[in-house]
Trainee: 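Structure in structure tokens, see below.
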Amino acid sequence: KGSEGEEAGAQGSTLQFGAALSLTGQLSREGILTKDGYEYCKQVVNEEGGVEVGDKTYDLDITYQDDKSTPDVAAQLVDQMNDDNVKFILGPYGSSSTEAASAVVERNGQLMISSAGADDTIYEKGYQNTFGVLSPASEYLATIVKAVSDIAQPKPKTVAILSADDGFSKTAAEGGAAQAEEEGMEVVATEFFAEGSTDVSAQLTKVKPLNPDLILGSVHLEEGVAIIKQSEELGINPAGGFGETVAPPTPDFIETLGPAAEYTLGSSQWTPETEGEDELFGTAEDYAEGFEAAFGDTPEYHNAEATAACLAMILAIEDAGSLEPEAVRESLANLDTESFFGPIKFDENGKNIYKPMQVIQIQDGKPVTVWPSAEGELKWPAPPFDER
Amino acid sequence: MLEIKSLEAGYGRIGVLWDIDLTVGEQEIVALVGSNGAGKTTLLRAVSGVIAPTKGSIVFEGRDLSGLVPEQVVRRGIAHVPEGRRLFAGLTVRENLKLGAFHLKDSASADFDRVVELFPRLGERLDQIAGSLSGGEQQMCAIGRGLMSRPKLIMIDELSLGLAPNLVDQLLERLETIRSEGMSVLLVEQDVDAALTLAERAYVLETGQIALEGSGDELLFDKRVREAYLGVA
Amino acid sequence: MTTLLETDGLTRRFGGLDAVSDVSVTVEQNSVVGFIGPNGAGKTTFINVVTGFLKPSAGRVVFDGNDVTGNRPWDVARAGVSRTFQIAKPFRDLTVRENVALGSMFGPGNSRSVAASLTDADEVLERVGLSERAEARPGELPIADTKRLELAKALAMKPRLLLLDEVMAGLRPAEIDNSIDLIRSLQKDGLTIVVIEHVMKAILAVSDKVIVLHEGKRLAEGPPKEIASDDRVIEAYLGERYAKRVKEGGDA
Amino acid sequence: MAESAARSTRIPQPSSPAGWILVGLGAAGFAYLLYAPVLLLESFLRTLGGVFMFATLALAWNIIGGFAGYASFGNVVFFGLGGYTVATLMAKAGWTFWPALVVAGAVGVLFAVLMGLPILRLRGHYFAIATLSVAEGMREIVVNMPSLTGGGAGITIPAVGLEATTSYPGNTGFYYFFLILLLVALAVTWRVSRSRFGYSLRAIHQDEDSAAALGINTTRAKVAAFALSGLLTALTGAIYAFQQVTIYPNRLFSIEFTVLMVVMAVIGGTGTIFGPVVGAVGLQFLSEYLRQNYLELHTVLFGAIIILAVIFLPNGIVESARELRSTKRIRFLDNVKANRL
Amino acid sequence: MEQFLQATINGLLQGGLYALVGVGFSLVWGVIHVVNIAHGAFVILGAYVAWKLDGAFGIDPLLGLVVAAVLLFVIGYAVQRGVINLVINAPIWMTLLLTFGLELLLVNGLILIFTGDYRSIATSYASGGLSFGDVRIPYGRLLAFGLAVLLTGLLAMFMSRSKTGQAINATGMDRVTARLMGINARHIYALTFAISAALAGAAGTMVGIVGTFNPVDAGVFTLRSFVIAVLGGLGNMWGALAGGIVLGLVEAWSGQYLSGTLIHAIGFGVLILVLIVRPTGLLGRPYSEARAET
Ligand SMILES: Nc1ncnc2c1ncn2[C@@H]1O[C@H](COP(=O)(O)OP(=O)(O)OP(=O)(O)O)[C@@H](O)[C@H]1O
Ligand SMILES: Nc1ncnc2c1ncn2[C@@H]1O[C@H](COP(=O)(O)OP(=O)(O)OP(=O)(O)O)[C@@H](O)[C@H]1O
Ligand SMILES: [Mg+2]
Ligand SMILES: [Mg+2]
């Protein structure tokens with residue numbers, strides 16, 4: 001590897017990407033996962049000989065800066081990177097930071113691929129230089145509704161939606177509600193609570209007498225845990241079960257809730273069952289193996305998103321055969337490829353609407369992919385808490 | 001009993017007291033008078049350990065007090081009723097008094113009764129918040145609190161400050177009683193006339209140094225004292 | 001003589017306690033009125049009610065013909081009434097000079113600039129004998145100087161009525177004489193002054209009239225000599241020793 | 001303690017030689033700052049702008065917290081209101097920036113008066129928490145008015161394309177905006193500290209009863225100080241909002257801003273003119289330096305440095321600098337001795 | 001009606017937990033005048049201690065609670081005696097700054113050690129509950145509530161009845177004079193802070209049992225503590241209990257009948273109203289603010 005690196009260096013040094021990440025503060029957990037995803041990408045790319053641009057080969061390097069989980073710092077860091085002539089930006093963690101950074105990227109003529117900015121509004125601002133590899137927020141809850149109406153027997157007739165009040169969760173909640181109506185389910189209640197709540201008993205108490213067949217949560221981890229935990233406390237057992245965005249696939253969810261986590265459905269950007277493959281990382285399963293070999297942990301979808309963003313940038317650069325941001329932008333807009341992460345292709349707003357999300361279910365303490373491709377079978381309906 | 005030798009003390013880098021020699025005997029009432037800013041309060045603070053002397057020694061009952069912090073000094077049997085009363089403003093009168101006996105192991109109800117007897121006014125106000133007492137009532141409470149610690153020596157800074165004349169009389173009388181019960185008293189007092197009449201011995205402090213000392217009567221009829229402190233030519 | 005301050009049935013209760021109870025007094029223009037009474041008689045409370053720091057439970061306060069009952073403290077102050085606090089309340093982090101200047105800056109009618117106020121302050125400090133400590137902080141002052149500072153702050157306001165709550169406590173006799181002279185000279189300058197003191201010598205020396213409060217009520221009122229020999233006052237307040245001393249010493 | 005806090009309120013005499021040197025240095029520094037954009041990297045200008053912003057916020061806090069002694073724990077409410085006023089007017093009503101800025105300032109003043117009248121009657125800690133509550137409550141109210149404020153998803157000021165009402169000033173532009181606002185805040189603080197108003201605030205800080213007894217209308221003075229603080233803070237928030245383009249309630253009403261304002265003012269020296277500026281500059285650069293050099297450890301280090309700074313410079317930076325000037329050294333151990341129990 | 005009952009129970013139980021979180025904060029703030037920004041970090045630290053004991057050694061969280069409390073007591077004592085006491089005579093802001101630094105250190109230190117992952121202490125009993133018709137009372141929360149009432153009551157009694165409690169009060173009001181009474185102020189301060197930290201540790205354990213925690217949540221607990229302490233009346237232990245419960249109830253009811261996203265705003269609104277009517281909180285004593293400097 002060493003000699004390859006020297007060759008690349010001799011041919012004209014390294015290719016520099018920049019990433020402003022939440023390494024401390026509120027979002028540090030996810031920020032660090034994202035960083036690992038980028039790091040893995042870098043490692044694999046360099047092992048495979050670097051990035052070929054025209055007739056030159058570059059070693060990939062990524063500089064990281066800590067945005068302290070605040071959007072304005074993320075924006076400032078991206079600006080600093082521009083001064084250091086870093087034109088290719090891998091996105092920060094979270095919609096707020098991504099949105100703040102995208103405004104700067106646009107002004108500076110940099111190029112950013114977002115790995116974790118899911119909120120649809122980011123892509124509705126008319127920005128030309130920001131792309132997102134992940135499925136947008138509106139898909140997060142809708143996916144679960146699609147899956148349930150596709151494979152659950154009996155199909156739930158009524159759903160209640162509980163949502164945090166931040167932009168991302170609200171967009172997801174709206175998407176889920178719309179999908180439910182489309183599938184002929186009745187949305188009997190939509191209740192909101194403050195982002196970061198660990199007490200959602202008021203909302204649950206309100207929903208309880210409505211007896212919904214399915215309770216859906218558009219949430220982050222702590223709120224998602226609270227819904228399950230407090231439902232158990234309050235004796236709320238919907239005929240079908242529970243489904244939640246982002247929370248269930250994370251290991252913490254299962255660890256914190258123990259048996260109560262069982263049967264919960266969750267949506268994920270990626271699982272090792274995701275269909276598709278690419279030259280660098282192989283299939284999703286290959287990716288999982290490789291990642292685990294490198295970092296010791298099985299990858300979460302945050303890792304995979306990050307790697308996918310990095311992959312898209314590299315593919316676009318290689319396609320463009322140039323390091324001109326404008327040329328790379330062009331080739332990004334035309335990118336249409338399969339990958340371990342699923343299809344990567346951007347609509348005119350820069351959203352990757354072509355990639356389906358995965359639905360998992362917690363079974364025997366593990367997230368098992370049940371839709372669209374199935375690793376295991378959906379267990380439905382979920383028994384009451386005290387019978388698990 | 002209390003023996004101060006060539007004491008120097010002050011605040012930070014400012015010196016206030018110079019070369020002070022002073023003694024208080026068993027069951028003796030000693031008055032300390034002196035003009036405004038002479039350093040009387042500072043002297044009491046040095047004895048009780050609130051400030052650390054820079055030179056000299058303070059010996060109480062044969063044991064050196066230097067290096068002791070206030071809470072240790074009070075355990076040796078010296079009570080200090082500070083200038084400006086310094087009651088625990090948010091606590092009741094009763095609580096303030098009880099705290100005077102903090103370091104005593106046994107319950108101090110006898111002392112308590114004695115203080116209430118000494119200041120009947122306090123008896124009526126036991127559950128009032130000390131911060132809302134009238135000025136004179138606060139003074140009573142402060143002295144009472146000092147007595148609660150069952151001291152061998154009580155140092156009172158500005159005994160009569162803000163007290164009604166008849167009360168001052170009573171109080172001075174009570175000091176006699178207190179003394180006869182075995183306590184010594186070191187008294188800082190502006191009512192020089194009353195103080196010197198009562199005290200066996202007295203010191204006059206001027207700009208940080210002892211200017212005069214002698215028996216109470218001697219000083220009371222000393223020409224310099226009469227001019228400077230009693231305002232009589 | 002016209003009346004400058006008048007209270008009518010002034011009452012202030014704290015819970016069940018009538019700290020000031022139905023007190024009606026008058027203070028004549030350019031007079032010095034002494035207020036005495038046992039500890040807890042209600043003297044300070046009376047001042048607090050008059051100056052708006054406490055709301056009266058009943059009764060009226062009239063200053064210079066205007067009803068000022070229940071007015072806010074600063075309104076009373078700007079109308080020309082200044083007071084000292086028995087337990088001194090200096091501005092701890094300002095110098096003595098600045099402390100006094102504040103009186104001049106916001107006192108009645110004389111909205112003086114900062115610079116002018118500082119000059120005023122120097123004058124007042126001179127007058128109360130505190131010039132040497134002008135740059136000191138109040139916390140460094142011994143008790144007597146703290147009292148002088150209270151007085152100086154009040155004086156700097158150039159008030160018409162001055163309410164002094166035990167500004168001589170803690171002074172030695174010779175210094176008390178100075179204060180007596182000061183009060184007299186202030187009276188010459190046209191001020192009206194209410195003096196609360198337990199130092200009888202001073203009260204007797206300066207007062208045109210003495211009012212005795214006892215358990216919140218007015219117990220007696222009259223010329224100093226009369227009051228000093230009033231049996232009720234001796235019984236409730238002065239005590240035998242003082243009565244004796246007053247008889248011996250007479251007026252200074 | 002009385003002593004140390006005391007010295008910090010002493011006003012530099014403008015006529016003293018030291019005063020003139022200070023003025024001279026100030027002028028030179030100012031000239032440099034004006035010229036800086038030509039010399040410096042764009043993004044460093046942005047960092048500097050951020051420093052100026054925090055300095056202004058700390059100065060504004062200093063007026064109510066440092067001078068009047070009413071420690072506001074909710075000054076961020078003005079920041080947020082200022083920002084949202086500008087964002088709403090520009091995004092929803094199509095206003096240009098400048099009139100929106102004026103309205104933002106007015107909103108700050110108005111809100112300070114309305115909220116100040118009832119809660120400035122509370123003393124000390126109770127006031128602090130009341131303001132904190134107002135700020136936190138306001139954040140939720142903003143979240144709950146999505147049609148006007150965009151709710152939790154935030155609101156975006158159109159900065160590019162046809163909808164942009166005011167062309168985006170860029171890093172250099174915002175650098176100047178924040179610089180000018182900082183100078184205004186400094187001038188205001190300077191004025192206040194030498195004026196009768198400033199004295200009345202200091203008096204209130206130290207003894208409100210005594211102040212009232214001297215004829216100071218304490219209610220009016222406090223509300224005025226609060227309004228002034230609110231005005232400067234709202235203007236800062238307004239500029240910040242435009243700079244950020246997209247703003248969120250969780251950020252614009254973040255308690256972190258309040259904490260930083262207080263921390264900067266305190267570490268520099270409350271009640272002084274330059275203390276808050278020194279504190280802001282020092283802390284911002286320190287945290288920036290640590291952040292760049294210790295990717296994940298920087299916050300821990302930052303915390304440790306603050307603890308040490310408090311222990312060894314318990315009177316604030318400005319005070320310690322004065323001590324250094326007059327005695328040629330800082331007595332760290334004496335400081336510790338003087339303040340320990 | 002059932003919904004109302006359920007909401008009330010939810011609020012009451014949540015309020016108990018709030019009280020337990022806030023009472024120690026109220027103690028050090030109201031009585032010894034240290035605004036402990038790191039209080040929330042102590043809560044979280046307590047949670048981690050119990051979590052670790054449970055996870056690594058299988059120690060029951062209720063026993064873990066005791067260990068967490070004892071450990072935090074020791075840490076609290078050391079922090080006050082060794083660090084905060086060094087600046088106790090500096091302006092009150094300085095201690096605030098100091099504890100702010102401490103909070104940064106603790107929270108980020110915890111992240112480095114335990115990562116920012118969400119944790120929870122799993123028990124076999126916490127999720128079960130008593131049922132009365134449709135109304136449920138979960139055991140875990142009931143336990144937290146009972147413990148809060150118990151500890152707060154004990155603390156209140158300790159403060160008002162015991163000699164040491166009185167000494168704490170007195171020292172807070174006037175350190176120098178307290179020392180003249182023979183009170184060892186250094187020890188008393190450290191002890192007070194230690195008690196506060198121990199309560200935070202106990203509260204943290206309960207937080208871990210009934211919900212989730214991670215280091216970043218520390219700030220939320222500090223914020224809550226501010227509100228609870230002031231609502232009840234600073235330095236008043238019963239007040240903290242009342243403050244916690246009122247807050248819990250207000251939030252539960254407003255979540256039930258108004259909007260779930262406005263509960264904090266309404267909680268804060270109630271706080272401000274209370275302060276306007278009673279400027280020293282629900283149970284605060286006037287004069288409790290009086291404090292003499294050296
Ligand atoms: N905390 C302090 N810091 C600095 N100097 C002080 C301090 N306290 C007192 N001093 C100074 O020490 C000197 C002696 O003051 P002290 O209070 O001992 O006088 P005193 O004899 O008690 O006077 P008084 O009878 O008026 O109370 C005074 O010059 C005073 O200014
Ligand atoms: N806020 C309060 N709450 C309850 N009682 C109070 C309050 N303020 C004063 N009192 C009581 O009212 C009575 C009158 O007090 P005041 O201070 O007016 O007395 P005073 O005549 O000034 O006495 P002194 O000569 O001792 O200063 C006292 O018994 C006092 O305890
Ligand atoms: Mg003295
Ligand atoms: Mg009085």
Side-chain angles (χ1 to χ4, degrees), chain A residues 22-33 68-69 162-166 170 190-209 220-226 228-236 247 250-253 255-261 385-386, chain E residues 2-7 9-11 13-14 17-18 55 104 107-108 111-112 115-124 126-129 131 134-141 207-208 210-217 219-220 248 251-265:
Chain A
S22 306
L23 300 177
T24 63
Q26 196 77 47
L27 304 172
S28 59
R29 193 192 103 85
E30 291 82 359
I32 290 168
L33 292 175
K68 306 194 227 177
S69 304
L162 305 182
S163 170
D165 66 349
D166 60 298
K170 276 180 143 174
T190 307
E191 293 290 336
F192 293 95
F193 42 79
E195 185 184 359
S197 295
T198 49
D199 180 9
V200 295
S201 51
Q203 288 70 27
L204 288 172
T205 310
K206 272 202 245 187
V207 163
K208 186 177 181 184
H220 310 90
L221 182 68
E222 66 272 36
E223 303 132 9
V225 169
I228 304 296
K229 202 157 185 166
Q230 294 188 316
S231 292
E232 183 180 7
E233 286 175 6
L234 296 172
I236 297 175
T250 46
D252 293 358
F253 183 84
E255 198 184 313
T256 342
L257 285 171
F385 283 108
D386 44 16
Chain E
E2 251 167 19
Q3 284 211 25
F4 174 77
L5 263 181
Q6 183 70 57
I9 286 168
N10 292 345
L13 298 185
Q14 183 73 8
L17 192 56
Y18 283 169
L104 285 180
V107 169
N108 292 287
I111 292 180
L112 290 179
T115 75
D117 291 357
Y118 279 92
R119 308 291 182 195
S120 169
I121 305 168
T123 57
S124 50
S127 296
S131 300
D134 258 359
V135 179
R136 299 262 297 195
I137 306 179
Y139 291 134
R141 282 171 193 270
V207 165
V210 303
T212 50
F213 60 92
N214 86 347
V216 181
D217 285 345
V220 177
E251 289 189 357
W253 286 331
S254 50
Q256 191 75 45
Y257 297 106
L258 298 162
S259 156
T261 51
L262 272 174
I263 54 169
H264 297 123

Trainee: Which atoms of Leu104(E) are under 4.5 Å from chain A, going by heavy atoms: the side chain, the backbone, both sets, or neither?
Mentor: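 Neither part.
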Trainee: Quick one: list whatever passes side-chain contact (heavy atoms from CB on, under 4.5 Å) with Asp134(E), sequence neighbours left out.
Mentor: Lys208(A), Glu2(E)
Trainee: Using non-hydrogen atoms only, which part of Leu234(A) is less than 4.5 Å away from chain E: side chain, backbone, both, or neither?
Mentor: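 Interface part for Leu234(A): both.
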Trainee: Taking all atoms of both residues into account, what is the closest heavy-atom pair of Thr261(E) and Phe192(A), and its distance?
Mentor: CG2-CB, 3.4 Å
Trainee: Is it the backbone or the side chain of Ala194(A) that comes under 4.5 Å from a heavy atom of chain E, or both, or neither?
Mentor: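 Contact with chain E: backbone and side chain both.
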Trainee: For Glu233(A), does its backbone N or O pair with a side-chain atom of Arg136(E) as donor and acceptor, under 3.5 Å?
Mentor: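 Yes, because the side chain of Arg136(E) sits within donor-acceptor range (under 3.5 Å) of the backbone of Glu233(A).
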Trainee: If I compare all heavy atoms of Ala202(A) with all of Ala252(E), which pair ends up nearest, and what's the gap?
Mentor: CB-O, 4.1 Å
Trainee: Output the option from Leu112(E), Ile121(E), Val210(E), Ile9(E) having the highest count of non-hydrogen pairs under 4.5 Å with chain A.
Mentor: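 Looking at each of Leu112(E), Ile121(E), Val210(E), Ile9(E) in turn, Val210(E) comes out on top.
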Trainee: Got Ile111(E) and Ser28(A) here, is their nearest side-chain heavy-atom distance under 4.5 Å?
Mentor: yes
Trainee: Identify which part of Asp117(E) has an atom lying under 4.5 Å from any heavy atom of chain A, answering side chain, backbone, both or neither.
Mentor: both
Trainee: Looking only at heavy atoms and a cut-off of under 4.5 Å, which of Val216(E), Asn214(E), Asp217(E) has the most pairs with chain A?
Mentor: Val216(E)
Trainee: Enter the distance from Ser201(A):OG to Leu13(E):CG here, rounded to the nearest 0.5 Å.
Mentor: 9.0 Å
Trainee: Side chain, backbone, both or neither: which part of Gln256(E) has an atom under 4.5 Å from a heavy atom of chain A?
Mentor: both
Trainee: Within this structure, what is the CG-CG distance for the pair Asp199(A) and Leu17(E), rounded to the nearest 0.5 Å?
Mentor: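 Here the rounded value is 9.5 Å.
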Trainee: Taking every heavy-atom pair that is under 4.5 Å apart, which of Gln6(E), Arg119(E), Gln3(E) has the most such pairs with chain A?
Mentor: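 If we count pairs closer than 4.5 Å to chain A, Gln3(E) comes out on top.
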Trainee: Looking at Glu255(A), Glu222(A), Lys229(A), which hits side chain to side chain donor-acceptor pair (under 3.5 Å) with Ser120(E)?
Mentor: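 Of all the options given, the one that passes is Lys229(A).
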Trainee: Give the minimum heavy-atom separation between Leu221(A) and Tyr118(E), together with the two atoms involved.
Mentor: CD2-CD1, 3.2 Å
Trainee: Which atoms of Glu195(A) are under 4.5 Å from chain E, going by heavy atoms: the side chain, the backbone, both sets, or neither?
Mentor: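 For Glu195(A), neither part sits under 4.5 Å from chain E.
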